[in-house]
Amino acid sequence: MLSYRNKRLIRKFTRKRIIIYGSVLAVLVVLSLFAPYFAPYDPIQISMEGRKSPNLDHIFGTDRLGRDILSRIIYGTKYSLSIGIMSVSIGLIFGTTMGVLSAYYGGLVDTIIMRFIDALLAFPGILLALVVIAVLGPGLFNVMLAVGISTVPEYARLARGKVLSVMQLEYIEAIHSIGGSNIRVILKHILPNISAPITILATLQVGNAILVGSGLSFLGMGAQPPTPEWGLMTAEGRSYMSQAWWISTFPGIAILITVISINQFGDGLREAIDPYLKE
(Lines give C-alpha, C1' and ligand atoms only; values in the text may rest on other atoms or scores of the structure.)
Protein backbone atom coordinates (compact mmCIF):
# COMPACT_ATOMS: atom_id res chain seq x y z
CA MET A 1 0.00 0.00 0.00
CA LEU A 2 1.24 3.47 -0.88
CA SER A 3 1.13 6.18 1.75
CA TYR A 4 -0.96 9.28 1.16
CA ARG A 5 2.20 11.38 0.76
CA ASN A 6 3.69 8.98 -1.79
CA LYS A 7 0.46 8.92 -3.77
CA ARG A 8 0.41 12.72 -3.86
CA LEU A 9 4.02 12.81 -5.09
CA ILE A 10 3.26 10.27 -7.79
CA ARG A 11 0.20 12.20 -8.97
CA LYS A 12 2.12 15.50 -8.95
CA PHE A 13 5.06 14.04 -10.89
CA THR A 14 2.70 12.32 -13.32
CA ARG A 15 0.78 15.52 -14.04
CA LYS A 16 4.02 17.43 -14.68
CA ARG A 17 5.34 14.69 -16.94
CA ILE A 18 2.16 14.56 -18.99
CA ILE A 19 2.01 18.36 -19.31
CA ILE A 20 5.69 18.82 -20.23
CA TYR A 21 6.00 16.00 -22.74
CA GLY A 22 2.46 16.48 -23.98
CA SER A 23 3.40 20.07 -24.83
CA VAL A 24 6.43 18.87 -26.78
CA LEU A 25 4.24 16.45 -28.72
CA ALA A 26 1.69 19.19 -29.36
CA VAL A 27 4.46 21.35 -30.87
CA LEU A 28 5.54 18.47 -33.10
CA VAL A 29 1.97 17.91 -34.28
CA VAL A 30 1.59 21.61 -35.08
CA LEU A 31 4.86 21.56 -37.03
CA SER A 32 3.72 18.52 -39.00
CA LEU A 33 0.38 20.13 -39.89
CA PHE A 34 1.69 23.60 -40.71
CA ALA A 35 5.20 22.88 -41.95
CA PRO A 36 5.00 25.34 -44.91
CA TYR A 37 4.39 28.20 -42.46
CA PHE A 38 7.34 27.34 -40.20
CA ALA A 39 9.99 26.10 -42.64
CA PRO A 40 12.20 28.95 -43.91
CA TYR A 41 13.03 27.17 -47.18
CA ASP A 42 11.71 24.60 -49.61
CA PRO A 43 12.90 21.23 -48.19
CA ILE A 44 13.75 19.72 -51.58
CA GLN A 45 15.13 22.82 -53.28
CA ILE A 46 18.72 22.24 -54.41
CA SER A 47 21.19 25.12 -54.08
CA MET A 48 24.29 25.54 -56.21
CA GLU A 49 26.11 26.81 -53.12
CA GLY A 50 26.30 23.24 -51.86
CA ARG A 51 27.06 22.17 -48.30
CA LYS A 52 27.26 24.83 -45.59
CA SER A 53 27.86 24.64 -41.86
CA PRO A 54 25.28 26.14 -39.46
CA ASN A 55 25.07 29.92 -39.87
CA LEU A 56 22.60 32.78 -39.52
CA ASP A 57 20.89 32.01 -42.84
CA HIS A 58 20.78 28.25 -42.26
CA ILE A 59 20.62 27.60 -38.50
CA PHE A 60 21.15 23.83 -38.89
CA GLY A 61 23.31 24.15 -41.99
CA THR A 62 22.67 22.57 -45.40
CA ASP A 63 23.31 19.10 -46.82
CA ARG A 64 25.52 18.11 -49.75
CA LEU A 65 22.90 19.37 -52.21
CA GLY A 66 22.50 22.69 -50.47
CA ARG A 67 19.08 21.85 -48.98
CA ASP A 68 18.26 23.53 -45.67
CA ILE A 69 18.44 20.98 -42.83
CA LEU A 70 16.02 22.85 -40.53
CA SER A 71 13.36 23.00 -43.24
CA ARG A 72 13.79 19.31 -43.99
CA ILE A 73 13.49 18.42 -40.30
CA ILE A 74 10.29 20.46 -39.97
CA TYR A 75 8.75 18.81 -43.02
CA GLY A 76 10.06 15.44 -41.86
CA THR A 77 7.99 15.70 -38.69
CA LYS A 78 4.92 14.77 -40.73
CA TYR A 79 6.53 11.65 -42.16
CA SER A 80 8.00 10.37 -38.90
CA LEU A 81 4.80 10.95 -36.91
CA SER A 82 2.79 9.36 -39.71
CA ILE A 83 4.97 6.24 -39.57
CA GLY A 84 4.45 5.99 -35.81
CA ILE A 85 0.72 6.67 -35.77
CA MET A 86 -0.25 4.65 -38.85
CA SER A 87 1.91 1.68 -37.87
CA VAL A 88 0.45 1.58 -34.38
CA SER A 89 -3.07 1.94 -35.80
CA ILE A 90 -2.55 -1.08 -38.05
CA GLY A 91 -1.16 -3.18 -35.22
CA LEU A 92 -3.84 -2.03 -32.78
CA ILE A 93 -6.81 -2.70 -35.07
CA PHE A 94 -5.75 -6.10 -36.35
CA GLY A 95 -4.02 -7.28 -33.17
CA THR A 96 -6.85 -6.27 -30.84
CA THR A 97 -9.46 -7.78 -33.14
CA MET A 98 -7.62 -11.09 -33.28
CA GLY A 99 -7.03 -11.14 -29.52
CA VAL A 100 -10.68 -10.39 -28.71
CA LEU A 101 -12.04 -13.00 -31.11
CA SER A 102 -9.54 -15.57 -29.87
CA ALA A 103 -10.49 -15.14 -26.20
CA TYR A 104 -14.22 -14.67 -26.74
CA TYR A 105 -14.92 -17.66 -28.98
CA GLY A 106 -12.15 -19.97 -27.76
CA GLY A 107 -11.85 -23.50 -29.06
CA LEU A 108 -10.74 -23.87 -32.68
CA VAL A 109 -10.84 -20.11 -33.29
CA ASP A 110 -8.49 -19.55 -30.36
CA THR A 111 -6.13 -22.29 -31.52
CA ILE A 112 -5.88 -21.01 -35.11
CA ILE A 113 -5.39 -17.37 -34.17
CA MET A 114 -2.87 -18.00 -31.42
CA ARG A 115 -0.82 -20.38 -33.54
CA PHE A 116 -0.63 -17.64 -36.16
CA ILE A 117 0.43 -15.15 -33.49
CA ASP A 118 3.05 -17.60 -32.20
CA ALA A 119 4.43 -17.86 -35.74
CA LEU A 120 4.77 -14.07 -35.91
CA LEU A 121 6.42 -14.03 -32.49
CA ALA A 122 9.08 -16.41 -33.79
CA PHE A 123 10.54 -13.40 -35.63
CA PRO A 124 11.96 -10.39 -33.77
CA GLY A 125 9.97 -7.25 -34.58
CA ILE A 126 12.64 -5.60 -36.75
CA LEU A 127 13.34 -8.87 -38.60
CA LEU A 128 9.64 -9.37 -39.32
CA ALA A 129 9.45 -5.81 -40.64
CA LEU A 130 12.46 -6.49 -42.88
CA VAL A 131 10.77 -9.62 -44.26
CA VAL A 132 7.62 -7.65 -45.10
CA ILE A 133 9.67 -4.89 -46.76
CA ALA A 134 11.59 -7.52 -48.75
CA VAL A 135 8.28 -8.86 -50.07
CA LEU A 136 6.52 -5.53 -50.70
CA GLY A 137 9.52 -3.42 -51.66
CA PRO A 138 10.80 -0.14 -50.19
CA GLY A 139 8.52 2.85 -49.68
CA LEU A 140 6.94 4.95 -46.96
CA PHE A 141 3.57 3.17 -46.99
CA ASN A 142 5.25 -0.24 -47.01
CA VAL A 143 7.27 0.79 -43.95
CA MET A 144 4.05 1.69 -42.11
CA LEU A 145 2.53 -1.66 -43.08
CA ALA A 146 5.66 -3.61 -42.15
CA VAL A 147 6.07 -1.98 -38.75
CA GLY A 148 2.33 -2.33 -38.11
CA ILE A 149 2.39 -6.07 -38.85
CA SER A 150 5.38 -6.52 -36.55
CA THR A 151 3.37 -5.08 -33.62
CA VAL A 152 0.24 -7.22 -34.15
CA PRO A 153 1.33 -10.04 -31.75
CA GLU A 154 1.74 -7.67 -28.78
CA TYR A 155 -1.77 -6.28 -29.11
CA ALA A 156 -3.25 -9.72 -29.75
CA ARG A 157 -1.72 -11.27 -26.64
CA LEU A 158 -2.57 -8.30 -24.42
CA ALA A 159 -6.18 -8.15 -25.68
CA ARG A 160 -6.63 -11.90 -25.29
CA GLY A 161 -5.43 -11.87 -21.69
CA LYS A 162 -7.61 -8.91 -20.73
CA VAL A 163 -10.70 -10.37 -22.42
CA LEU A 164 -10.25 -13.68 -20.61
CA SER A 165 -10.30 -11.73 -17.33
CA VAL A 166 -13.38 -9.72 -18.29
CA MET A 167 -15.21 -12.88 -19.38
CA GLN A 168 -15.06 -14.10 -15.77
CA LEU A 169 -17.13 -11.16 -14.52
CA GLU A 170 -20.64 -12.05 -13.43
CA TYR A 171 -22.43 -9.32 -15.34
CA ILE A 172 -21.04 -10.67 -18.63
CA GLU A 173 -22.65 -14.03 -17.86
CA ALA A 174 -25.86 -12.21 -16.92
CA ILE A 175 -25.94 -10.42 -20.29
CA HIS A 176 -25.52 -13.74 -22.08
CA SER A 177 -28.30 -15.29 -20.01
CA ILE A 178 -30.81 -12.64 -21.09
CA GLY A 179 -29.99 -13.12 -24.75
CA GLY A 180 -27.38 -10.42 -25.39
CA SER A 181 -25.81 -10.84 -28.84
CA ASN A 182 -22.08 -11.51 -29.22
CA ILE A 183 -21.52 -8.28 -31.13
CA ARG A 184 -23.28 -6.25 -28.43
CA VAL A 185 -21.30 -7.90 -25.65
CA ILE A 186 -17.98 -7.34 -27.43
CA LEU A 187 -18.60 -3.74 -28.48
CA LYS A 188 -20.41 -2.40 -25.42
CA HIS A 189 -19.06 -4.43 -22.54
CA ILE A 190 -15.71 -6.02 -23.40
CA LEU A 191 -13.91 -3.39 -25.48
CA PRO A 192 -14.55 -0.54 -22.99
CA ASN A 193 -13.08 -2.71 -20.22
CA ILE A 194 -9.85 -3.43 -22.09
CA SER A 195 -9.42 0.00 -23.71
CA ALA A 196 -7.13 1.47 -21.00
CA PRO A 197 -4.23 -1.02 -21.25
CA ILE A 198 -4.55 -1.13 -25.05
CA THR A 199 -4.38 2.66 -25.20
CA ILE A 200 -1.30 2.75 -22.98
CA LEU A 201 0.47 0.12 -25.09
CA ALA A 202 -0.40 2.02 -28.28
CA THR A 203 1.00 5.26 -26.87
CA LEU A 204 4.27 3.60 -25.89
CA GLN A 205 4.49 1.78 -29.23
CA VAL A 206 4.39 5.00 -31.28
CA GLY A 207 7.95 5.87 -30.23
CA ASN A 208 9.20 2.38 -31.00
CA ALA A 209 7.47 2.47 -34.40
CA ILE A 210 9.20 5.76 -35.24
CA LEU A 211 12.57 4.23 -34.30
CA VAL A 212 12.01 1.11 -36.41
CA GLY A 213 10.66 3.16 -39.32
CA SER A 214 13.64 5.50 -39.18
CA GLY A 215 15.97 2.51 -39.00
CA LEU A 216 14.42 1.01 -42.13
CA SER A 217 14.74 4.35 -43.93
CA PHE A 218 18.35 4.57 -42.76
CA LEU A 219 18.97 1.20 -44.42
CA GLY A 220 17.36 2.42 -47.65
CA MET A 221 14.22 0.31 -47.26
CA GLY A 222 11.83 3.06 -46.22
CA ALA A 223 11.31 6.58 -47.50
CA GLN A 224 13.15 7.31 -50.73
CA PRO A 225 14.95 10.51 -51.81
CA PRO A 226 14.15 13.38 -51.89
CA THR A 227 11.60 12.75 -49.08
CA PRO A 228 12.74 14.68 -45.96
CA GLU A 229 12.31 11.75 -43.57
CA TRP A 230 14.52 11.82 -40.48
CA GLY A 231 15.98 8.33 -40.85
CA LEU A 232 16.79 8.92 -44.50
CA MET A 233 18.34 12.30 -43.67
CA THR A 234 20.54 10.66 -41.05
CA ALA A 235 21.68 8.08 -43.60
CA GLU A 236 22.48 10.75 -46.19
CA GLY A 237 24.99 12.38 -43.86
CA ARG A 238 26.75 9.28 -42.53
CA SER A 239 29.51 9.52 -45.15
CA TYR A 240 30.28 13.10 -44.14
CA MET A 241 30.38 12.84 -40.35
CA SER A 242 33.99 13.99 -40.09
CA GLN A 243 33.51 16.97 -42.44
CA ALA A 244 29.80 17.82 -42.00
CA TRP A 245 28.55 16.46 -38.66
CA TRP A 246 25.36 18.55 -38.76
CA ILE A 247 23.78 16.64 -41.66
CA SER A 248 23.18 13.52 -39.56
CA THR A 249 23.30 15.01 -36.06
CA PHE A 250 20.26 17.28 -36.17
CA PRO A 251 17.86 14.72 -37.68
CA GLY A 252 19.15 12.23 -35.10
CA ILE A 253 18.42 14.71 -32.31
CA ALA A 254 14.91 15.19 -33.72
CA ILE A 255 14.33 11.43 -33.53
CA LEU A 256 15.72 11.32 -29.99
CA ILE A 257 13.53 14.17 -28.69
CA THR A 258 10.41 12.77 -30.33
CA VAL A 259 10.86 9.21 -29.07
CA ILE A 260 11.76 10.30 -25.52
CA SER A 261 8.75 12.65 -25.39
CA ILE A 262 6.37 9.93 -26.58
CA ASN A 263 7.75 7.35 -24.16
CA GLN A 264 7.67 9.73 -21.19
CA PHE A 265 4.14 10.82 -22.07
CA GLY A 266 3.12 7.16 -22.32
CA ASP A 267 4.70 6.38 -18.94
CA GLY A 268 2.89 9.31 -17.38
CA LEU A 269 -0.37 8.15 -18.89
CA ARG A 270 0.20 4.65 -17.56
CA GLU A 271 0.88 5.95 -14.06
CA ALA A 272 -2.26 8.10 -14.22
CA ILE A 273 -4.44 5.17 -15.28
CA ASP A 274 -2.75 2.29 -13.44
CA PRO A 275 -5.16 1.24 -10.66
CA TYR A 276 -2.35 -0.19 -8.50
CA LEU A 277 -0.86 3.29 -8.08
CA LYS A 278 -4.16 4.55 -6.72
CA GLU A 279 -4.46 2.00 -3.95
Side-chain angles (χ1 to χ4, degrees), residues 6 9-33 73-74 76-93 95-96 121 124-129 140 143-144 146-159 161-162 194-219 222-223 229-235 248-278:
N6 288 337
L9 289 174
I10 290 174
R11 284 196 294 267
K12 185 176 180 180
F13 177 73
T14 298
R15 283 196 298 268
K16 286 186 176 180
R17 180 187 294 187
I18 291 177
I19 291 172
I20 292 173
Y21 292 103
S23 300
V24 175
L25 295 179
V27 170
L28 292 173
V29 171
V30 170
L31 288 177
S32 68
L33 294 176
I73 288 176
I74 292 175
T77 306
K78 174 179 66 175
Y79 297 104
S80 292
L81 290 182
S82 296
I83 290 174
I85 294 172
M86 292 303 296
S87 299
V88 166
S89 298
I90 292 171
L92 185 151
I93 292 172
T96 302
L121 285 172
I126 184 65
L127 180 59
L128 181 59
L140 199 60
V143 165
M144 297 178 189
V147 178
I149 291 174
S150 69
T151 63
V152 165
E154 296 182 54
Y155 292 100
R157 292 175 69 88
L158 176 61
K162 294 299 180 181
I194 69 171
S195 60
I198 296 293
T199 301
I200 293 170
L201 176 62
T203 303
L204 294 172
Q205 281 292 336
V206 171
N208 183 62
I210 291 175
L211 273 180
V212 175
S214 297
L216 292 173
S217 295
F218 184 88
L219 296 174
E229 196 275 331
W230 293 342
L232 179 60
M233 292 172 63
T234 304
S248 291
T249 300
F250 289 119
I253 292 175
I255 296 173
L256 178 66
I257 292 174
T258 302
V259 173
I260 288 178
S261 298
I262 292 172
N263 287 343
Q264 290 296 320
F265 180 80
D267 283 340
L269 188 64
R270 178 186 60 81
E271 291 172 2
I273 297 177
D274 192 343
Y276 295 103
L277 296 178
K278 301 176 182 179

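What you see is a predicted model, and the numbers here were worked out from it, not measured in a lab.
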Minimum-distance pair of heavy atoms, taken over all atoms of T234 and S248: O-OG, 2.7 Å

V147 side chain reached by L216 side chain, heavy atoms, under 4.5 Å: yes

Spacing of I260 atom CD1 and Y21 atom OH [to the nearest 0.5 Å]: 7.0 Å

By side-chain hydrogen bond (donor to acceptor under 3.5 Å, both in side chains) - contacts of S80 (at least two apart): none

Donor-acceptor contact below 3.5 Å, side chain T77 vs main chain I74: yes

CG-CD1 distance between L92 and I85, expressed to the nearest 0.5 angstrom: 12.5 Å

Distance in Å, T249 OG1 paired with L256 CG, rounded so as to fall on 0.5 Å steps: 11.5 Å

Separation between CG of L158 and CD1 of I198, rounded to the nearest 0.5 Å: 4.0 Å

Considering all heavy atoms, the nearest S23-I19 contact: OG-O, 2.6 Å

Contact summary for L128 and S150, nearest pair of heavy atoms: CD2-CA, 3.6 Å

Between CG on residue L204 and CG on residue D267, distance to nearest 0.5 Å: 5.5 Å

Nearest heavy-atom neighbours spanning P251 and I73: N-CD1, 3.8 Å

Test item: I18 and Q264 side chains (from C-beta on) under 4.5 Å apart, heavy atoms: no

Neighbour count >12 (heavy atoms, 6.0 Å) for atom CZ, F250: yes

Closest non-hydrogen atom pair between G84 and I210, with its separation: CA-CG1, 3.8 Å

Residue pair E229 / S217, side-chain donor-acceptor N/O under 3.5 Å: yes

Donor-acceptor contact below 3.5 Å, side chain T151 vs main chain G148: yes

Interatomic spacing from CD1 in I90 to OH in Y155 - rounded to 0.5 Å: 11.0 Å

Exercise: identify the closest heavy-atom pair between A146 and A129: CB-O, 3.5 Å

Sole residue of L25, V24, L28 in side chain to side chain contact (heavy atoms under 4.5 Å, CB included) with I262: L25

Flag side-chain contact, heavy atom, 4.5 Å: T203 against F265: yes

Candidate list N263, V259, I257, test side chain to side chain contact (heavy atoms under 4.5 Å, CB included), partner S261, passing option: I257

